Amino acid sequence: MAFAATTVTIIAERFLQDGILKLLEEAGTSGYTLTEGSGKGRHLTRTHERPSLVRDFDIVRIEFIMLDGEKARAIAQRITSEYFAEHSGIVSITPTEVLRPERF
Amino acid sequence: MAFAATTVTIIAERFLQDGILKLLEEAGTSGYTLTEGSGKGRHLTRTHERPSLVRDFDIVRIEFIMLDGEKARAIAQRITSEYFAEHSGIVSITPTEVLRPERF
Amino acid sequence: MAFAATTVTIIAERFLQDGILKLLEEAGTSGYTLTEGSGKGRHLTRTHERPSLVRDFDIVRIEFIMLDGEKARAIAQRITSEYFAEHSGIVSITPTEVLRPERF
Amino acid sequence: MESLASLVSSFVAQLQSATLAFLLGGFLLAATGSKLAIPDAVYRFIIFMLLMSVGLDAGIEVREADFDQLALPALLAALIGCVIVLIGSVTLGRLPKVRREDALATSGLFGAVSASTLAAAMVALDERAIPFEAWAPALYPFMDIPALILAIVLATLHKRKSTGEQGGKVGVGAIIADSLRGSALSALLLGLAIGFLIQPQDLYEGFYDLLFRGFLSILMLVLGMEAYSRLAELRSVAQWFAAYAVISPILHGLIGFAAGYLAHILVGFSPGGVVLLAVIAASNSDISGPPTLRAGIPGANPSAFIGSSTSLGTPIAIAVCIPLFIALAEIVFVL
Amino acid sequence: MESLASLVSSFVAQLQSATLAFLLGGFLLAATGSKLAIPDAVYRFIIFMLLMSVGLDAGIEVREADFDQLALPALLAALIGCVIVLIGSVTLGRLPKVRREDALATSGLFGAVSASTLAAAMVALDERAIPFEAWAPALYPFMDIPALILAIVLATLHKRKSTGEQGGKVGVGAIIADSLRGSALSALLLGLAIGFLIQPQDLYEGFYDLLFRGFLSILMLVLGMEAYSRLAELRSVAQWFAAYAVISPILHGLIGFAAGYLAHILVGFSPGGVVLLAVIAASNSDISGPPTLRAGIPGANPSAFIGSSTSLGTPIAIAVCIPLFIALAEIVFVL
Amino acid sequence: MESLASLVSSFVAQLQSATLAFLLGGFLLAATGSKLAIPDAVYRFIIFMLLMSVGLDAGIEVREADFDQLALPALLAALIGCVIVLIGSVTLGRLPKVRREDALATSGLFGAVSASTLAAAMVALDERAIPFEAWAPALYPFMDIPALILAIVLATLHKRKSTGEQGGKVGVGAIIADSLRGSALSALLLGLAIGFLIQPQDLYEGFYDLLFRGFLSILMLVLGMEAYSRLAELRSVAQWFAAYAVISPILHGLIGFAAGYLAHILVGFSPGGVVLLAVIAASNSDISGPPTLRAGIPGANPSAFIGSSTSLGTPIAIAVCIPLFIALAEIVFVL
Ligand SMILES: Nc1ncnc2c1ncn2[C@@H]1O[C@H](COP(=O)(O)O)[C@@H](O)[C@H]1O
Ligand SMILES: Nc1ncnc2c1ncn2[C@@H]1O[C@H](COP(=O)(O)O)[C@@H](O)[C@H]1O
Ligand SMILES: Nc1ncnc2c1ncn2[C@@H]1O[C@H](COP(=O)(O)O)[C@@H](O)[C@H]1O
Ligand code: NA
Ligand code: NA
Ligand code: NA
């Protein structure tokens, strides 16, 4: 049996990572998964192919899954206003399903 | 023309990777994509920033796309019961669309 | 407030990366995010665990988000016909929502 | 009395080593939130280099070894590995709020061996000019594998008993294979084989040995950082694990030292070899042990066994046990 | 006239160095679209190795230092860091199409210090056999931190003024902590401490120093590649940034040289030390400065400050300023 | 008869080399499922180090070279590259179940050159104290590029013919540029240029050359592991590819040896140079060739050309061809 849930994906520069993860934990997510990457937006091009002199501007992609869609949206909103008013980064929200609801 | 399909995303520790990939191949997926990452759940915090003494506990994110949604769900269910009753990890299922159905 | 948007995910071998990213920029995406990985499809198994003698055949996972779903689909279609008629790779399209529409 | 004074003075003298300074430095950097990080790829390469170097050296010199001398220490090593697990099972395992699986996984890890600690001990012996048998580092797997096997077997039997489940044999062969396939033991064994068969003296001296101490200093930095950052895991489990992690390396080391002394009397095992056996016993596995145990005892909480070994066991083994057992050897063997 | 000729000839002679060849080579490789890339893990390891090496050396030798001599150059370094930011603020900051935040972030970066440039200067001095105080590289943080602090404080005050916002003190302590925690300064300070306390001469010579020049050559390759690929960022901002990036390193270096000359007269600061102070002033931070500035001045466009420093400032500091100030020293101090 | 005996004995003697031991060791580790892995970043760094080292050495010494001698071997190298592709096209390409694209891509790869094999051959010559022209490694691109071009051109013409498609010229310039931009050739050429212009003897000896053999041993480990793990690809394609991969390196090497012998007679090409030419011919490209071919012949199945080269071609070139052609040279040139 699969249960409806919500995935929130946050793309940010690494130097925001610690703050975002702390916010997620305090906000009561049951976990998160992080992958490293590169990207391009309005500002810098970040690339993983050559050394990044400034590692802190690399991209991290953080995603968390939550059963409670409203709460997930509220967290997404909070991250957006606390971090992405001033800094680079984007947040997206995708409906999904999970198998063991007790884990989330 | 885009065709409805299903993406299954499996997040597990690396030492389960070989078993899961084997299961996927036997179950008849047409392929899979894997990225490495880190994360936090009920247990360990895994991080990619410092060396992980124990590489086998790093997080891998495996995703496969299948046209047949029922079959994809059945595989997701099987992985959950075979691996995630005892071990760390989560599975999520997302509806998606693909462009060349003959590839999946 | 969240706004409907479309995520297009492109999985390709690294040697196609430059061409695809250039196409994305010309086609007017507001940005993209790229993670590196490995995978298996009809051809080669690519793995990140051992050194890849041939780095160019590693997998890159490129995703871009666009408000205009029709345009996103058109770009997905274009990439498919320009690259994936001859080369390895897949494209998938997922509905999503974003928080600050002016960014996309 | 006098020997106690000289024990203390030798111990204190050894604390002024680069090895410890890097270990402590790593700990302090992590504690102060430094962004300095040794890349994971470099860490894994260093492990390879150190183990390959140890293996090559042992392999090159083992040709001249007297194999009669090898059997007893190897047997003793295996015994010690098992004894450590049993001790853990009846001490840690009986304490309140400690789950049996967690106790067995933890004592399995402390029975198993750390390649990093071994390398640090070899450098420390070199610095004090205390010789040891070239094959002594090859005692590693003889203690490592039995400890892991016993811990997993006991945990499986325990689980079967408590769930009333029937079951065939536990896959001992699989555990052995899994251990030997681990990256540290693979490198050690490959080095042993190549060293023995090809005798690549120049390659060993001009590359692997050349970089040994430098890479060891960096490895210590990594271990220090990792020790700090795993403290959080340790705090999340019962305090008995912390107590075990502090006391047991010293206790295990003493057992190892006693066994080594026996081998010294019976087959002339060298003082340096005795120290290495003691340190191997005192050390706990940090690379290959944890995944083997995690797969073998899936019910065990990794925060318990990784927290106690990485954040306390390893620093104690390196910073306390190595100087302690060298000092002890200097007194016992009047070096 | 004659001294100008010898300045030119010494400058030209120094252009034939491996350091510059690798820097230029990296630039050309990137410009021709070569796929050669030094892995990021290796780059970060090299930074660690170089800074640890500089730190160890300084720490080992600083025991014999005369600390009276240290105070004045350190004070001057701090002053220079601040002066550079102020100059940038009243020149670059007043130009048309240049936003105040961008000007302040950029001059903060040029006031701060590049570990890579410093390492290159040390090798260049060695090659010309010009000695310097072992502690001279430790002047680095004395210039780096004040420059970053001043730039961030000025930008914050400016923002408050323009938004009419009230506010308490700017977190100077946080900026200092953030700087010291950066990977380059952490490695330097750790090396200093270990070198001073443990005096690991063999480890330093047999590993860190052994690999120093080789790793520096590879670092130069990386810097050259990065310089080319950041040119695109630079092109996206006002041309004044390019002009600033070309002229200011030379100007800042002259200020540093003059200050060093003062210290030479007052406390006998060595000619090599004067060159290092000039180069430190000429250099711009490439590792730790950018994130500190980005966090501290979020409104600043990174394309402006990273583009100007990485693509022009660093190559100018290495390829022009190092040979220039060495040549100058050879004339001024009749070396 | 006697010379056959001495050929065999020299061949056998050379099998006891560290290079081969590491190659075989890597194969065995992978076959037994060992988790030991050399990190990708380290592998790529090693390739850079080896090629830069080869380039620097050649560049430093080429100043004294007699350029008349260079022209003929270079021309021969180019010819051999083309001949290998043509042979593959009329043998492998005519076999049942072998697609023309796959045959051309595979023989293009075998016509092209492996930097790793070249490095191994240089070490083997050093060990047997057989000198060679410093510029001989620079023959690499002269064979590599023509082979890749010819394979791609033939495949494109074939495709046009079979699809009836019209078309302009094939982009030969693009293929050349693509080859030169590959990470191995870029490093080699950069090293050549810097070596030639700057003559950084100390840097070369104190760093690049110092680490050469050690890094080569690790590279061999990687190649051995990769050989095993690509066997699965090879099994998925027609067995003719396996046969081709076993036989052709030896055949190509003989062609190279014969050509080198000609150059020996005509312009005094050294015996060591003859061996290098033979080994270059016997080797197949493992880094830059595959992506160039994949982009140039998109219809070709990478399992065919990568499987045959990585899992069989490279091990044969290193383990069979290097000792074989050295032994042959020792007889032919009475070394
Ligand atoms: N439209 C987009 N789709 C996917 N990722 C994006 C998009 N726009 C921005 N990003 C990611 O967000 C990062 C920061 O973007 P920005 O805030 O525009 O500089 C970029 O480096 C990308 O990784
Ligand atoms: N709510 C969640 N959202 C995203 N990833 C999660 C979540 N919970 C767990 N994970 C991932 O799954 C891994 C194992 O989780 P666990 O089984 O809870 O220890 C974590 O390290 C995360 O990478
Ligand atoms: N069904 C699938 N699900 C997820 N990823 C896939 C799938 N099929 C192919 N891929 C990815 O696309 C790459 C190229 O596939 P192919 O074109 O089939 O060789 C593979 O290496 C995978 O990373
Ligand atoms: Na032990
Ligand atoms: Na400066
Ligand atoms: Na060839």
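Proteins get letters first, then strands, A, B, ... in listed order; numbering begins at 1 in each. Keep in mind that this is a model prediction, so the values were computed, not measured.
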Chain E neighbours within residues 24-32 of chain D, where any heavy atom lies under 4.5 Å away: D/G25, D/L29, D/T32

Contacting moiety of E/L180, where chain D heavy atoms sit under 4.5 Å: neither

Atom group of E/I47 that falls short of 4.5 Å from chain D, counting heavy atoms: neither

Among E/D178, E/L211, E/L190, residue most engaged with chain D (heavy-atom pairs, under 4.5 Å): E/L190

Neighbours of chain D found in residues 199-208 of chain E - heavy atoms under 4.5 Å: E/P200, E/L203, E/G206, E/F207, E/Y208

Relative to chain E, which segment of [X] carries a heavy atom at a distance below 4.5 Å: side chain, backbone, both, or neither?
| X | result |
| --- | --- |
| D/L221 | side chain |
| D/F45 | neither |
| D/F22 | both |

Gap separating the CD1 atom of E/I194 from the OG atom of D/S217, nearest 0.5 angstrom: 8.0 Å

Gap separating the CZ atom of E/R44 from the CG atom of D/L36, nearest 0.5 angstrom: 10.0 Å

Results of side chain to side chain contact (heavy atoms under 4.5 Å, CB included) for D/L335 - residues two or more places apart only: D/I130, D/P271, D/A329, D/E330, D/F333

4.5 Å side-chain heavy-atom contact, E/V42 and D/V42: no

Close side-chain approach of E/I198 to D/L20, heavy-atom, < 4.5 Å: no

Inter- and intrachain pairs under ring pair (Phe, Tyr, Trp, His ring centres under 6.0 Å), touching residues 174-203 of chain E, at least two apart: none

Heavy atoms of other groups near E/F142 CZ, more than 12 under 6.0 Å: no

